[in-house]
Every structure is written in C-alpha cells, then in structure tokens.
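Chain identifiers are assigned alphabetically (A, B, ...) following the order of the sequence lines, protein sequences preceding nucleic acid strands; residue numbering begins at 1 within each chain.
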Amino acid sequence: MAERPDLRPRAKEVAALVKRIVEEVNKLSLEEQRRLLRERYSWVLERRRQPRGEEERQLPPLPGAEEGKVVTRFAPNPDFVIHLGNARPAILSYMYKEMYRGRMILRFEDTDPRTKTPLPEAYLLIRQDLEWLGVRWDREYVQSLRMETYYELAKRLIEAGGAYVDDRPGEEFRRYRGRLEEYPPRLRSIEENLELWERMLRGDYGEGEAVLRVKTDPKHPDPSVRDWVAFRIIDTVRHPHPVVADRYIVWPTYNFAAAVDDHLMGVTHILRAKEHMQNTVKQQFLYKYFGWEYPHVVHFGRLKLEDFIMSKSLLKSLIERGIGEGLDDPRFATIAGLRRRGITAEAIREVILSVGVKYTDASISFKNLAAINRSIVDEKAKRIMAVFNPVKMIVDGLPKGRLEVEIPYHPNGRLGSRRITVEGPRAELYIDGGDVGRTVKPGAIVRLMEAFNVEVVEAGPYLVKARFHSRELEEARRHSAAIIQWVPARDALAVELVKPEGLDLVRERGLVEAAARQLTTGEIIQFVRIGFARVDALEPDEKGEPRKLVAIYAHS
RNA sequence: GCCGCGGUAGUAUAGCCCGGCCAAGUAUGCGGGCCUUUCAAGCCCGUGACCCGGGUUCAAAUCCCGGCCGCGGCACCA
C-alpha cells in the first residue's frame, strides 16, 4: 500500500485477495514454498538480503539550515569545568557546524561574579577539554569583556520603550504582579528611564537597589516572563570578577547577554538543553524590540551518567570539602575525570551522537560507555602483565641457563613486543593472589602465559612451589591447564591500580613486569585478565628511575 | 499549584511529521555456544519494547480525545 497508493481505494478487495492467496500458499509444503519462491519470485529474496539500518548514523537535519551559513555556539559558564552533560551541546554544536560547513562560536558567559563566581582557571580548562573532545571553534568571546556593548544595547532598548528602571524593593514588584500595568516604575517616561539608567551606571545605587526590567507581556502565564530583569547591580568590590575585577557594578543577566550576543555574533542555530525553553520566550521580547530575527532553537533533554554525580554545585561542594582529588577526579563525570580514567573522546562523541537530539532525558550507564570505549581502545592498548596481591612462586627444575621469551604487546602483533627472561634452574616470580587456591593448587598444571608450564607442588597463601613441567602450549592444552599472567621477581615494578567505585577509590597494589617502565602517562593499556586502565603516573625514585606505576582502572 | 515538553525491550536509539514495506530495526546489557596463549576481542544463537483506555480507518507505534507517569521552567543563576 505504501508503494501503490493507487490501490488504496480498493483496499477491501486487495485484502480479500491477499487472504485467499495466503491460504493457498499455506496449503503447500515448506519445500514446495521454498522452491516456488526461488523459481518465480527470487527478487523477494534479493531484497531481504539487504541489511536494514546499516547506514551510518547521522544527525537529523537542522531546521532552516543552509550549507555554509550555519553558525552555532557553545556558551559555558566558566564557574566550573564541563562534564558529560555539557559536552552534549558542545559536541552537537560542533557536529552541526561541520555538517553544514558553518562556523562555531565559543562564548564564556561570566556575567554573575556573585553567585556563580567564575573560576579563573576554568577558561583555560574548558578550552582544553573541548580541544581534547575534538571540538574546534572559529571565534571566541568572553562576556565580561563586552560590558560596554551591553550598556549600549540597554540604552537603545530604553529608547525603544522596551525597558524601565525599577528602583523599588523586589517585594514591591511581586505585589504588583497581578496588575503590572499600574506598577509605578513601569509608567516612567523614556527620558526618566534614561536618566535613572545613567545613575545606575554611575554607581548611585547599591546591590538590590535598582534593576533594569524588560517590558514584556504583563499577563504572561509564566510569571517569570513578566518584565524580567535585564540588568542588576553587583557589588564587585566585595565580589570581584576574576577577569574585570571591580570595573563594573551593573551586570546583564543571562537572558539579556545571551540574547543580544546570539544576534550580534550571527548565531543562526542555538542548541541547548530544555531547561532553557522558557528563556527563549523571554529573549524573544528583546528581539521584537530590536527588530531582530530569533535564531532557530533546538532543545534536548538532559544526559545523565548513571550512578555519577552530575550536579555542578554538588561536585563543587565535594571538592571544597576536600573530597576528591580535584576537577579531574576519576570518580566525577567531568570531562577531565572521564579522560583520566581512560574514557576516550571518541567514545564520548559516539555516546552523544547515539543519544541524538531528543526532548527526553537520557540516562547512560557506565557499562554502556565502557562498551563503546572498549571497542575503541581494544586495538590500541598494549597488553601488560600485572599481578595483584602478589604471591611468590618458586619454580624448580627449569632447564639450566637463560630462558627468553618474546611477547607481543598485542595479539594482532602490530604494537611491537618485549622480552622477558627467566634464569634456570630455579626461578622466582610472582603470580596473582586471586589465582592461588583457585587454579593454582597442588597437583595442577598451570601455564605461565607465553612462557612455560609448571606443576604446582605446594600452594600456600604466601608462597607457591612449583616444578617445571614443559614448554609447549600444546602440552598445556592437553592438560587443560589454566593460563595465568605472571611477573618475574627480578625486575618487577610496583604498581597501584586505582579503581573508582562510586564515591570510593579502591587501591590495589601489586607488581608489574619491567616493560611498564616504558609506558607514558595518558597511555591506555590492558592488564591481562584484569582490564583496561590508563597510566596516571610513573612515579620516579630519588635517582629519577621509575619506582611505581599508578594506573586508573577503566573497565574490563 | 501554574506553564511547557515528553513516554518504543534493562539501557540508549530508529520508525511517528506524511497510517499500510513494522508479526517493530540497531547498539549495548543479559543467557547460551564456538573460537582463543587474557576473565578482553571476534563469531553464532537466544532474550526482550510501542504507558493505559477509547475513537477515526479496510488498516494505528504513527492521527484524534481522555487518563496515568516522567522531565523541565516558574530568580536581581546560567
């Protein structure tokens, strides 16, 4: 019917016909049906074979977007670093800009030195996080450096009769809420407003003593829309701004600054979370007064990482109380925190792309993120042997002399290899405490991965004694031997694996093979049979030699 | 409370605008198997969803109405 709309008026006839034929076909045997299908209707089979939904995932088109003319923006408040939730508008803005070969703007919205005091280092950290995410922008603005522009626009707005100075206490305004038309400040002349505005700028008013309000619909169903505040006074002597200190006391609110900037900067498409929906309504009043055209807006729901604290203020207070190691604590869902625990930018981009632009909130589990990350990291991560809660194993009966094995860093062989040597006839090495008593028990044949097989003689909690059994892998297979990782005692390096678990950091201590000395900070590796981890530090001793490898666990 | 927006498997998403190629696709998770010098990866099989109720229609995940549930906003925050 979808293909032949011309048949629709005769749907009843068609339905009857279909029914008859289906009955007829059902009378045939399965073999008969197959044969007929192959001989007479092979095109049906052809079509079936085509996989569905295999096309590359793409973002839905942007409303009103023109190739080469799209301008998007990401406008963070530098009072904190960005987290996975903020990454959504950032990445989507960037992807759409790329999709339409447009431009992207990065704008720091730092117009509240009092309750959302900007963090001086955040300006840089946010840029770094964005760059790491692969987000590239074309122009950059800082709102606190654009105050003169806002003042000028405010004046124009007053001149257009779109705003008035309200020098009464806030309660007074609220009292008039139902009959705003009669609110005395609202009735002031343009001249009077201009004069009062000049006095605000001059510093005649203190905090809370005067605001500039935008004249909106006094009967708007949402009371917050009614004559919203465009400028207020902030005592910057007491609350200095990290960029402009106490140079200004009259500050635009978010709705004024953002609205004006979006137009001035030529933004054509605003991609933002749905908590801003009411703001669109408010800002449109300004656009009407100025005779501007409002950009296209795309709203989407929140993106949550399950079991992670996503709230900025909560994260902030945790850090202030000294819980956590800072903005990049691996327990936090900040971009820096995720990076530090081995989540790649590619994985984050993929999650955000897969979540797309829906109104509904999305809650991603870490397992899900990990699955995506694993597929990215798997082919690049060196396989390294490390043992935790190490137990010493003494192997006797080895062939005399040097036993040298060359082990590739990755089964695909593309990551190079390292050599590990063992000295016969008696070797000391360490195995993972978790294996002792399980697969490593008296009488068992165990293969030390990539090296040789041993027969366990004694398996105590602190010492395992074993006897060399054979070299060949086939021999291990014949005995269905467990294959375990191990570390030669001679030049083992201390390792600490930090596992973020909820709000805890569990530290597991162990030993890692000597090759770990060659790793670099930031590298993502896989501890064989344990999981993926990111090298956080190679701590040196007094002589500058690596003393300990610190890695943060990512996922299995 | 008022205003706005949503509701497809455990999770995320496709399909909804424009009703019939949808007895609903994909990814991940989960269960099982194969393969493998890792408990990773890979391969195969299985699992499981249109919030509820009415209506329109030959035909509803898709359109309409009602309900329920969830989210967001209601600042001199952004």
> Among B:rU11, B:rA40, B:rC74, which is the nearest nucleotide to the side chain of A:Pro223?
B:rC74
> Would you mind classifying the nucleic acid contact of A:Lys367 as base, sugar-phosphate or nothing, using non-hydrogen atoms under 4.0 angstrom?
sugar-phosphate
> Mind checking if A:Ser375 touches a base, just sugar-phosphate, or nothing, with heavy atoms under 4.0 Å?
nothing
> When rounded to the nearest Å, what value does the distance between C1' atoms of B:rC3 and B:rC18 take?
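It comes out at 31 Å once rounded to the nearest Å.
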> In whole angstrom, give me the gap between the C1' atoms of B:rG6 and B:rU47.
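Approximately 28 Å lies between the C1' atom of B:rG6 and that of B:rU47.
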> Taking only the P atom of each, what is the distance from B:rU11 to B:rC21 in whole angstrom?
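Approximately 27 Å lies between the P atom of B:rU11 and that of B:rC21.
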> Pick base, sugar-phosphate or nothing for A:Phe532, based on heavy-atom distances below 4.0 Å to the nucleic acid.
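Answer is sugar-phosphate: A:Phe532 comes under 4.0 Å of backbone atoms only.
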> From the list B:rG7, B:rA12, B:rA78, which nucleotide is the closest neighbour of the side chain of A:Glu109?
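Out of B:rG7, B:rA12, B:rA78, the nucleotide with an atom closest to A:Glu109's side chain is B:rA78.
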> How would you label the contact of A:Gly356 with the nucleic acid (heavy atoms, under 4.0 Å): base, sugar-phosphate, or nothing?
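Here A:Gly356 touches no strand at all.
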> Look at the side chain of A:Gln278 and decide which nucleotide, out of B:rG4, B:rA41, B:rA78, has an atom nearest to it.
B:rG4
> For the side chain of A:Thr111, starting at C-beta, report the closest nucleotide among B:rU8, B:rA78, B:rC76.
B:rA78
> Under 4.0 angstrom, heavy atoms only, what part of the nucleic acid is A:Asn368 near: base, sugar-phosphate, or nothing?
base
> Let's test this: given Watson-Crick or G-U wobble pairing with both distances under 3.5 Å, identify the partner of B:rC50.
none
> On a whole-Å scale, what distance lies between the C1' atoms belonging to B:rC68 and B:rC51?
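The answer is 8 Å between these two C1' atoms.
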> Within the structure shown, what part of the strands sits under 4.0 Å from A:Arg383 by heavy-atom distance: base, sugar-phosphate, or nothing?
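A:Arg383: base contact, heavy atoms under 4.0 Å.
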> For A:Gly301, answer base if it contacts any base atom (sugar-phosphate contacts may also be present), sugar-phosphate if it contacts only those atoms, and nothing otherwise; contact means non-hydrogen atoms under 4.0 Å.
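Counting heavy atoms under 4.0 Å across all strands, no contact is made by A:Gly301.
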> With a 3.5 angstrom cut-off on both distances, give the Watson-Crick or G-U wobble partner of B:rG72, or none if there isn't one.
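When the pairing criteria are applied, B:rC3 turns out to be the nucleotide that pairs with B:rG72.
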> Under 4.0 Å, heavy atoms only, any strand: does A:Asp79 hit a base, just the sugar-phosphate, or nothing?
nothing
> Can you tell me which nucleotide in B:rG72, B:rA12, B:rG73 comes closest to the side chain of A:Asp222?
B:rG73
> So if I take every side-chain heavy atom of A:Lys358 and compare against B:rC3, B:rA14, B:rU38, which nucleotide ends up nearest?
B:rA14
> Between the side-chain atoms of A:Gln526 and the base atoms of B:rU38, is any donor-acceptor pair under 3.5 Å?
yes
> I'd like the P distance from B:rA60 over to B:rA23, given in whole Å.
11 Å
> Should A:Asp361 and A:Lys304 count as an ion pair when the cut-off is N to O under 4.0 Å?
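Salt bridge: no.
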> Measure from the ring center of A:Tyr254 to the ring center of A:His276 and say whether it is less than 6.0 Å.
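So the answer is yes for these two rings.
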> Run through A:Arg213, A:Lys215, A:Arg186 and flag the one making a salt bridge (Lys or Arg N to Asp or Glu O under 4.0 Å) with A:Asp227.
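Checked A:Arg213, A:Lys215, A:Arg186 against A:Asp227; only one passes salt bridge (Lys or Arg N to Asp or Glu O under 4.0 Å): A:Arg186.
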> Under a 3.5 Å limit for both distances, which nucleotide forms a Watson-Crick or G-U wobble pair with B:rU56, could you say?
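Pairing partner: none.
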> For B:rA12 and B:rA75, measure between their C1' atoms and round to the nearest Å.
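After rounding to an integer number of Å, I get 34 Å for this pair.
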> Indicate yes or no for a side-chain donor-acceptor contact from A:Thr236 to the backbone of A:Tyr248 under 3.5 Å, with no hydrogens or angles considered.
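Yes; at least one donor-acceptor contact below 3.5 Å.
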> Flag the pair A:Phe300 / A:Tyr359 as yes when their ring centroid distance falls below 6.0 Å, and as no otherwise.
no
> Could you give the distance separating B:rA9 and B:rG25 at their C1' atoms, to the nearest angstrom?
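So the two C1' atoms sit 13 Å from each other.
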> Between B:rC77, B:rC76, B:rA75, which one does the side chain of A:Ser224 approach most closely?
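Ranking B:rC77, B:rC76, B:rA75 by closest atom to the A:Ser224 side chain puts B:rA75 first.
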> Using Watson-Crick or G-U wobble geometry with both distances under 3.5 Å, which nucleotide pairs with B:rU28?
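By the stated definition (distances under 3.5 Å), B:rG10 pairs with B:rU28.
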> Base, sugar-phosphate, or nothing for A:Gln485, non-hydrogen atoms under 4.0 angstrom?
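Counting heavy atoms under 4.0 Å across all strands, no contact is made by A:Gln485.
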> Does any nucleotide pair with B:rU36 by Watson-Crick or G-U wobble geometry, both distances under 3.5 Å, and what is it?
none
> What does B:rC17 pair with, Watson-Crick or G-U, if both distances are under 3.5 Å?
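Across any shown strand, B:rC17 pairs with none.
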> Name the pairing partner of B:rA61, where a pair is Watson-Crick or G-U wobble with both distances under 3.5 Å, or state none.
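Matched B:rA61 with nothing under the 3.5 Å cut-off.
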> If you check every side-chain atom of A:Tyr359, which of B:rA40, B:rA78, B:rG6 has the closest atom?
B:rG6
> I'd like to know whether CZ of A:Arg414 has more than 12 heavy-atom contacts from other residues, nucleotides or ligands below 6.0 angstrom.
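Open: at most 12 neighbouring heavy atoms sit under 6.0 Å from CZ of A:Arg414.
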> Which part of the nucleic acid, if any, lies within reach of A:His276 when heavy atoms closer than 4.0 Å are counted: base, sugar-phosphate only, or nothing?
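Base, at least one base atom sits under 4.0 Å.
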> Taking the same atom, C1', in B:rC71 and in B:rU26, what whole-Å distance lies between them?
26 Å
> Looking across every strand, which nucleic acid part, if any, lies under 4.0 Å from A:Val229 by heavy atom: base, sugar-phosphate, or nothing?
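The answer is sugar-phosphate, as A:Val229 gets under 4.0 Å only of primed atoms, P, OP1 or OP2.
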> Output the single nucleotide from B:rC39, B:rC77, B:rA41 whose closest atom is nearest the side chain of A:Arg114.
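Selected nucleotide: B:rC77.
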> Is any side-chain N of the basic residue among A:Arg174 and A:Glu171 closer than 4.0 Å to the acidic one's carboxylate O?
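Salt bridge between A:Arg174 and A:Glu171, a charged N being under 4.0 Å from a carboxylate O: no.
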